[in-house]
Amino acid sequence: NAGVTQTPKFRVLKTGQSMTLLCAQDMNHEYMYWYRQDPGMGLRLIHYSVGEGTTAKGEVPDGYNVSRLKKQNFLLGLESAAPSQTSVYFCASSYDRGNQPQHFGDGTRLSIL
Amino acid sequence: RKEVEQDPGPFNVPEGATVAFNCTYSNSASQSFFWYRQDCRKEPKLLMSVYSSGNEDGRFTAQLNRASQYISLLIRDSKLSDSATYLCVGMNTGFQKLVFGTGTRLLVSP
């Protein structure tokens with residue numbers, strides 16, 4: 001099992017460019033999440049999805065959009081990248097509500113110049 | 001005040017030592033707690049869940065004190081491979097929103 005797979009692993013963008021980060025999970029999980037991790041800040045939730053076709057805002061949603069067209073995929077889009085969005089992005093998934101931990105992908109390192 | 005707070009460390013300990021980390025949380029609505037381990041430049045990985053009754057997994061023991069709103073992690077007989085950042089994580093009621101502490105860094109030396 002691949003678990004949670006993120007693509008790309010690394011990317012450098014110029015300010016104003018757009019891009020999409022892809023997260024795919026093969027565990028049939030209902031819930032999927034996008035986080036960003038910055039030094040001294042811990043992981044912060046950007047957006048999440050509780051099932052196919054649903055999305056919701058997390059703690060730091062501004063500047064990002066998401067889509068969950070298929071259960072196994074959760075896309076994170078940056079419409080107009082800004083240097084403040086330089087970060088490490090992690091996708092995670094979990095089976096359902098309740099005391100279920102989340103499984104993380106190995107991250108995308110994004111630099112905005 | 002952060003919802004989940006941890007001492008960032010680093011905790012420097014020799015191999016074989018016992019080390020304990022504490023974590024406090026401010027949201028009494030938090031129902032479930034976890035310890036995750038994160039190696040440098042890697043993704044967080046679940047270490048163990050934390051139960052009110054306390055739970056043990058090999059050299060690791062986790063404890064939850066709801067009255068005082070803190071979670072602890074005890075590592076016995078530290079190994080070099082235990083060197084990592086340990087994230088204290090709370091899960092709020094309702095949907096599965098995890099709230100992460102900023103992590104405690106552990107360095108185990110020979």
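Chain letters run A, B, ... following the sequence lines, proteins first and then strands; every chain starts at 1.
Of the two parts of A:F90, only the side chain, counted from C-beta on, holds a non-hydrogen atom closer than 4.5 Å to a non-hydrogen atom of chain B. For A:R44, no part sits under 4.5 Å from any heavy atom of chain B, backbone or side chain. Of the atoms belonging to A:Q37, it is side-chain heavy atoms, and not backbone ones, that fall under 4.5 Å from chain B. For chain A, the nearby part of B:Q38 is the side chain; its heavy atoms alone come within less than 4.5 Å.
Within 6.0 Å of atom CZ in B:R105, 12 or fewer heavy atoms from other residues, nucleotides or ligands are found, so the atom counts as exposed in its surroundings.
Transitive grouping of hydrophobic side chains (ILVMFWY, heavy atoms separated by less than 4.5 Å) brings B:L73 and B:V4 into a common cluster.
The closest donor-acceptor contact from the side chain of A:Q85 to the backbone of A:G63 lies under 3.5 Å.
There is a side-chain donor-acceptor pair under 3.5 Å between A:S87 and A:D38.
Taking chain A as the reference chain and counting heavy-atom pairs below 4.5 Å, the highest number among B:P44, B:G103, B:G101, B:P8 is found for B:P44.
A:F104 and B:Y36 have perpendicular rings, their planes meeting at more than 60° on a 0 to 90° scale where under 30° would count as parallel.
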